[in-house]
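Beneath this line is the structure, given in structure tokens, with notes to follow.
Quick note: numbers below take in every heavy atom, side chains included, and nothing from hydrogens, waters or symmetry partners.
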Amino acid sequence: MQKLNWNLLYIGRANSLEEDLIRKYNFDFFALPASGFLGKRMLGKINFFINFGLALCRWIWFAIRHRFSAVIATGGFNSLVPILGALIIGKPIFILELNRIPGRITKYFARFAQEIYLAFPLTQRTSGNFYYTGSPLRKELLAKAWQCRNSFHCQSRTSNKPVILVLGGSLGARALNLAAVELANKYPTIEFIIQTGKRDYDLIKEKVRSENCQLIDFTLTPEENYAKATLVLTRAGGMALSEIIAFGLPSIIIPFPFATDQHQNANAKFLEKAGAAKILDQSHLFKLEDMINDLLANKEELERMRANALRLAKYDAAEIIAKRITRHLKKSKLPGKTYDIS
């Protein structure tokens, strides 16, 4: 968007990882309080309404003092107030949806959005202008993915030892962490890289018994780990799967069993149907050892999964989305604003 000369304001939660990242890359940042509603107990629901009221007041204050051309929403309840504000004052909205089963925000506001951009195809048709573009990925990650796609520079293709990368999302996944560290202790000839999440880092560290297990709590450069991996053990968040297929990595996907609307299962099935991944139910983790051994022993199957993953990858999603949004706004002949995009 910056390359197309748009001024950008990022709206998010205060004192969050996203705020640190946005400020690091020199974007303007505006904080709004936000919390979830669905699945919360009474106190959590009360907290939602308090945060919603505070956020709405802050938004009204902001809207009076600044003008903008459009809102791009990435889902989640922190998108709710900016979307409502845009609709109230008649500005267009665009939505990014990372999952095959749309989240609540996408479902509620798809009919009002100019366009909704999908990381993966939807499981079923729904009203709205949906476009399957793939998920925008960071330029550093894309550069590394292209290097691995077009050459043998990646460690996973030159190392004698297989490398299993374990991903549980930004918070980690205890079931995956525990299963992975147990396997690492049992198979010293396999290298394991486990992204534990900050919560479980100390717990898993205490259980490591061999030198073939590298633990990280969180990383801002996941591309370095993707480049080392032979096989990925992962949850099924939309962003993680988009990154995995960009690197052409075979994967064993263990969807989070309590994900809203079982959207992780739907994401995982898209890769499985394409022959890029195997799905394992979390209740069947006892089968994980055999699955890993079978795949590592079958180089042809791994290569087929790699090729199938690469066929799913989309490397120009950010450019396509930015150009589509720009084309819509130019058609609207909107005058210059203090902030063009929020």
Side-chain angles (χ1 to χ4, degrees), residues 1-13 18 21-22 25 27-32 34 55-56 58-59 62-63 66-139 142 237-239 242 263 267 314-342:
M1 296 299 293
Q2 282 185 323
K3 288 179 181 177
L4 296 174
N5 297 318
W6 289 100
N7 299 314
L8 300 160
L9 172 71
Y10 192 98
I11 300 176
R13 291 171 298 170
E18 60 189 315
L21 287 173
I22 292 304
Y25 287 98
F27 287 95
D28 290 334
F29 183 87
F30 184 73
L32 284 177
L56 190 58
R58 284 181 61 83
W59 172 257
F62 170 80
H66 302 277
R67 296 181 297 169
F68 58 91
S69 296
V71 165
I72 304 172
T74 57
F77 278 99
N78 60 331
S79 297
L80 178 59
V81 170
I83 288 176
L84 287 175
L87 293 176
I88 289 170
I89 62 177
K91 299 299 181 182
I93 61 172
F94 302 85
I95 299 175
L96 308 182
E97 177 55 64
L98 297 182
N99 298 303
R100 297 187 67 208
I101 297 178
R104 295 294 193 271
I105 292 297
T106 300
K107 288 179 179 177
Y108 296 155
F109 295 102
R111 71 186 68 181
F112 303 108
Q114 299 296 308
E115 291 185 339
I116 306 99
Y117 307 110
L118 302 172
F120 301 107
L122 297 178
T123 56
Q124 61 184 23
R125 288 191 175 187
T126 186
S127 59
N129 297 318
F130 290 89
Y131 290 87
Y132 173 33
T133 59
S135 177
L137 300 174
R138 290 183 302 105
K139 61 182 180 180
L142 287 173
M239 182 59 73
S242 295
H263 70 265
N267 294 344
K314 292 182 177 292
Y315 299 95
D316 55 356
E319 181 179 357
I320 290 173
I321 293 170
K323 287 181 177 179
R324 291 193 69 93
I325 291 173
T326 297
R327 186 159 58 246
H328 269 280
L329 297 183
K330 284 185 175 179
K331 285 181 181 179
S332 301
K333 297 181 180 180
L334 294 169
K337 302 296 179 183
T338 303
Y339 284 109
D340 296 307
I341 303 292
S342 293

Using a 4.5 Å cut-off on heavy atoms from C-beta on, say whether the side chain of [Y] contacts that of [X].
| X | Y | answer |
| --- | --- | --- |
| Leu8 | Gln2 | yes |
| Ile320 | Tyr131 | no |
| Phe109 | Leu80 | yes |
| Ile101 | Lys107 | yes |
| Phe68 | Leu9 | no |
| Phe112 | Ile83 | no |
| Ser242 | Phe120 | yes |

If you measure from [atom1] on [X] to [atom2] on [Y], what distance do you get to the nearest 0.5 Å?
| X | Y | atom1 | atom2 | value |
| --- | --- | --- | --- | --- |
| Leu137 | Asp316 | CG | CG | 10.5 Å |
| Glu97 | Tyr132 | CD | OH | 14.0 Å |
| Asn267 | Asn99 | CG | CG | 4.5 Å |
| Thr133 | Glu115 | OG1 | CD | 9.5 Å |
| Tyr10 | Phe30 | OH | CZ | 14.5 Å |
| Leu98 | Leu118 | CG | CG | 9.5 Å |

Identify the heavy atoms of [X] and [Y] that sit nearest to each other, and give their distance.
| X | Y | answer |
| --- | --- | --- |
| Ser79 | Ile105 | CB-CG2, 4.3 Å |
| Pro92 | Leu329 | CG-CD2, 3.7 Å |
| Glu18 | Gly12 | OE1-CA, 3.9 Å |
| Ala110 | Phe130 | CB-CZ, 4.0 Å |
| Ile93 | Ala86 | CG2-CB, 3.6 Å |
| Gly134 | Ile321 | O-CD1, 4.3 Å |

Backbone N/O of Ala31 and side chain of Arg58: donor-acceptor pair under 3.5 Å: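 The answer is yes, because a donor-acceptor pair under 3.5 Å joins these two groups.
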
Please check this pair: side chain of Gln114 against backbone of Ile325, looking for a donor-acceptor N/O pair closer than 3.5 Å.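 Not a single qualifying donor-acceptor pair exists.
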
Quick one: sort the His328 and Phe94 rings into parallel, tilted or perpendicular, breaks at 30° and 60°. perpendicular

